[in-house]
Amino acid sequence: MIDKALLLKTRELSDRLIALQTPIRILDAINWDKSIKEEFFRHKCQKNPLVDKAYYQQRDLGFVPSELRQAFSDLNRNIISQLGQLNPIAQYMSKMCSEYKTVLSMLEYRGTAEFHDLSVELFGHPKDLFHAGEPSLSELANMLELPLKNLLAADILPDDPKNIDADEAVRILAEQVRLSMPGIDVEVVISDGIVSDAAAGANNIKLNQDVKFSQRELDILEVHEGWIHVGTTQNGLAQPYLTCLSKGTPSSTVTQEGLAVLTEIITLKSTPRRLAKLVNRIQAVTKVIDGAEFVDIYRDYVAQGLSKDESYTLAQRVFRGSTATGLPFTKDIAYIKGFVLVYNLIRVAIQLGRIDQLPLLLVGKISIDDFRLISQLHDLGVIEDPKFVPPHFKDLRGLATWLSFGRFIGDLSFEQLENDYKPLFI
C-alpha cells in the first residue's frame, strides 16, 4: 500500500491537472459555425466551404495555448519531483500532461497540414495495422461494408420511425437512465450548440434540438452516452485520489468509444445501419487522406440516400479543424478502432481467466495501453472499484460466454460454412 501522505499529494496534483484541462474544448475549437453551412448551400453545394487558418485564428479559445502548455510542463515537473519518476501514479499523470500538451499544439495548428499530423498522433490513422500482416483499419471497414450493404438492401430490417421530437426525447431518455443508472444523477437536456444528434457531458446527455429520434436511438443513447460516457466520468470523479480519471485524453477517447460501441452491440441495441454509419466514417477519413475534398465527401453521402443536411454534417465531421481541401481530423476512426482493441482485451482476459479485472475499464476514462498500470494502481489502493457498473459488466457470465463462443465460431472457415449453408436459402 502507498503512504497516506503520498495519496493526499496525489489528490492535490490530480485536482490541479483537472483545473488546467478545464478550458480545453477540442470540438468547440474546431467545429464550423452555421454561417459556413449557409454559405455552402447558397452556392448550391457546388463549392468547397471557405475555411482557412485565418478562420480558426479569429475564434477565441479562451486561453493562450503556449501559456497553458507551459503550465502543463510545470505541473509535470511537480508530479515527478513530488511523487518520483518511477512511481506508477506519476507515470500515469505525466502521460496525461504530455497528451494535453499535444492537444494544445494541434489546436494551434488548426487550418494547416500539421493539424492532421497531430490528430494522427493522438487518435491514429485509418491505414494503421493492429499487427503485421493483418488488415488495416480501413481494410476492416471495407470488409464490413459488403455484409452491411446486403442487410440494408434486403429491406427486411426497416429503420424505426424517427417520430419523437427533442422535448419528448428528453423526458423518455431521462426516465430510462434514472432506472438503469441508480445512484448516478444524469440530466438530459436540449442543446442548440452541438453538431451531432447527441453528446455527453460530465453529468448530462445533450440532445440536438433540431433532431427527431426513434425509440431505438434513445436506447442506444442510454447505453452509449449514459452507461459509458457519463458513467465513467462519474466513476472517475468518485475516485478518492486520482480524480483526473474523470477527464479523457485522446488516447482514452479511443477506448471510451470502443467500450460504448461494444456495449451497444452486447445489449442488442445497435443496428446494421448504425454500424454502417461508423464504418462509413472510417471510409470518409480514408478517402480524404487519399485526396478527396469536402464536396466529394458531401456528394458521396448524398448518393447514399442521406439528406443534404445530414450529408453536410457528416462531411463536416471529417474536415473540422482542417480546410475543405486539407487532410482530415481522424477522431472518427476511434469508434471501430476502439471496439477492436476493447474486444480483443476482453477475449484475452477470458482466455487467461482474468475477467475479474474487466470492471477496471470503467474506473474512469482510461486507455487500453494503461490497463496494466491501472490494475497496478488498483492493487496498491490508489484506485477504487468503479461506483457505477453497467449490467453486462456487473454479471460477467453472459459476456464471457458470448465472447467464448464468438472466438470458437470465428475459428471456423466462413467460406466452408457458406458453401454448406447457402443451398438452404431460396
Side-chain angles (χ1 to χ4, degrees), residues 21-69 99-123 125-126 191-197 199 206 208-211 250 253 281 284-302 306-334:
Q21 68 78 46
T22 296
I24 302 174
R25 293 289 180 266
I26 296 178
L27 299 186
D28 288 347
I30 65 175
N31 283 336
W32 299 352
D33 62 42
K34 291 181 179 178
S35 67
I36 302 297
K37 178 179 180 179
E38 291 167 357
E39 185 71 11
F40 180 71
F41 282 107
R42 243 193 317 269
H43 287 98
K44 309 298 182 184
C45 310
Q46 299 300 309
K47 293 177 62 177
N48 280 320
L50 296 176
V51 177
D52 56 13
K53 183 178 179 180
Y55 168 77
Y56 294 108
Q57 288 180 330
Q58 69 185 3
R59 301 176 65 179
D60 182 21
L61 291 172
F63 56 85
V64 179
S66 59
E67 293 178 1
L68 191 51
R69 189 163 47 243
E99 278 202 50
Y100 282 127
K101 287 165 65 177
T102 303
V103 167
L104 292 170
S105 295
M106 181 182 73
L107 295 182
E108 280 187 303
Y109 282 112
R110 289 169 299 168
T112 72
E114 286 84 356
F115 173 85
H116 167 76
D117 293 338
L118 291 166
S119 167
V120 169
E121 184 177 331
L122 292 168
F123 297 103
H125 192 285
S191 172
D192 63 353
I194 56 175
V195 174
S196 56
D197 291 353
K206 302 171 187 176
N208 191 319
Q209 66 175 5
D210 299 322
V211 172
T253 296
R281 289 177 183 176
V285 171
T286 305
K287 288 174 183 176
V288 176
I289 288 172
D290 290 340
E293 300 179 357
F294 181 91
V295 290
D296 301 317
I297 301 302
Y298 169 81
R299 289 165 184 163
D300 278 351
Y301 282 123
V302 171
L306 300 180
S307 70
K308 290 183 177 181
D309 279 342
E310 189 172 8
S311 297
Y312 175 88
T313 298
L314 293 175
Q316 189 236 327
R317 290 180 65 102
V318 184
F319 290 91
R320 51 190 170 173
S322 183
T323 66
T325 59
L327 290 168
F329 180 49
T330 61
K331 178 183 177 289
D332 269 353
I333 73 170

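It should be emphasised that the depicted structure is a prediction, and the values quoted were computed from it without experimental measurement.
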Undergrad: Between Lys287 and Asp296, does the salt bridge (Lys or Arg N to Asp or Glu O under 4.0 Å) criterion hold? Intermediate values first, please.
TA: CA-CA 9 Å; Lys287 288 174 183 176; Asp296 301 317; over 6 Å; no
Undergrad: CD1/Ile26 to CG/Leu61 distance, rounded to the nearest 0.5 angstrom?
TA: 11.5 Å
Undergrad: Hey, what do you get for CE (Met106) to CG (Leu122), rounding to the nearest 0.5 Å?
TA: 5.5 Å
Undergrad: Please round to the nearest 0.5 Å and tell me the distance separating atom CG of Asp300 and atom CG of Leu314.
TA: 11.5 Å
Undergrad: Which heavy atom of Leu327 sits nearest to which heavy atom of Ile289, and what is that distance?
TA: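 For Leu327 versus Ile289, the nearest heavy atoms are CD2-CA, 4.1 Å.
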Undergrad: For the residue pair Lys47 and Val295, what are the closest heavy atoms and their distance?
TA: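 Residues Lys47 and Val295, closest heavy atoms: C-CG1, 3.8 Å.
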Undergrad: Using the rule side-chain hydrogen bond (donor to acceptor under 3.5 Å, both in side chains), only one of Asn48, Thr323, Thr325 pairs with Glu293; which is it?
TA: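 Output: one option passes, namely Asn48.
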Undergrad: Side-chain contact, heavy-atom cut-off 4.5 Å: Arg320 with Arg110?
TA: no
Undergrad: How are the rings of Phe294 and Phe40 set to each other: parallel, tilted or perpendicular (split at 30° and 60°)?
TA: perpendicular
Undergrad: Grab the two heavy atoms, one from Phe329 and one from Ile30, that are nearest each other, plus how far apart they are.
TA: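 That would be CE2-CD1, 3.5 Å.
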Undergrad: Which pair of heavy atoms, one from Thr253 and one from Lys331, lies closest together, and at what distance?
TA: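 That closest heavy-atom pairing would be CG2-CE, 3.9 Å.
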Undergrad: Looking at every heavy atom in both Pro328 and Val288, which two are closest together, and how far apart are they?
TA: CD-CG1, 3.5 Å
Undergrad: With heavy-atom distances below 4.5 Å as the criterion, would you say the side chains of Glu121 and Pro250 are in contact?
TA: no
Undergrad: Below 30° counts as parallel, above 60° as perpendicular, anything between as tilted: where do the rings of Tyr298 and Phe41 land?
TA: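 It falls in the perpendicular class, over 60°.
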Undergrad: So, the side chain of Arg59 versus the backbone of Asp28: is there a donor-acceptor pair under 3.5 Å, distance only?
TA: yes
Undergrad: Answer whether the closest heavy-atom distance between the side chains of Ser322 and His116 falls below 4.5 Å.
TA: no
Undergrad: For residues Ser307 and Asp309, is any side-chain donor paired with an opposing acceptor at under 3.5 Å?
TA: no
Undergrad: Are Val51 and Phe319 close enough that some pair of their side-chain heavy atoms sits under 4.5 Å apart?
TA: no
Undergrad: Minimum heavy-atom separation for Glu108 to Pro65, with atom names?
TA: CG-CB, 3.4 Å
Undergrad: For Tyr301, is the OH atom crowded, meaning more than 12 foreign heavy atoms sit under 6.0 Å from it?
TA: yes
Undergrad: Flag the pair Tyr56 / Leu107 as yes when at least one side-chain heavy-atom distance between them is below 4.5 Å, and no otherwise.
TA: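 A side-chain contact is absent here, since even the closest heavy-atom pair is not under 4.5 Å.
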Undergrad: Rounded to the nearest 0.5 Å, how far does CZ of Arg69 lie from OG1 of Thr102?
TA: 9.5 Å
Undergrad: If only atom types and distance count, is the side chain of Tyr312 paired as donor or acceptor with the main-chain N or O of Lys37 below 3.5 Å?
TA: yes
Undergrad: How many angstroms lie between atom NZ of Lys53 and atom CD of Glu114, to the nearest 0.5 angstrom?
TA: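 Going from the NZ atom of Lys53 to the CD atom of Glu114 covers 8.0 Å.
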Undergrad: CD1/Ile36 to OH/Tyr55 distance, rounded to the nearest 0.5 angstrom?
TA: 4.5 Å
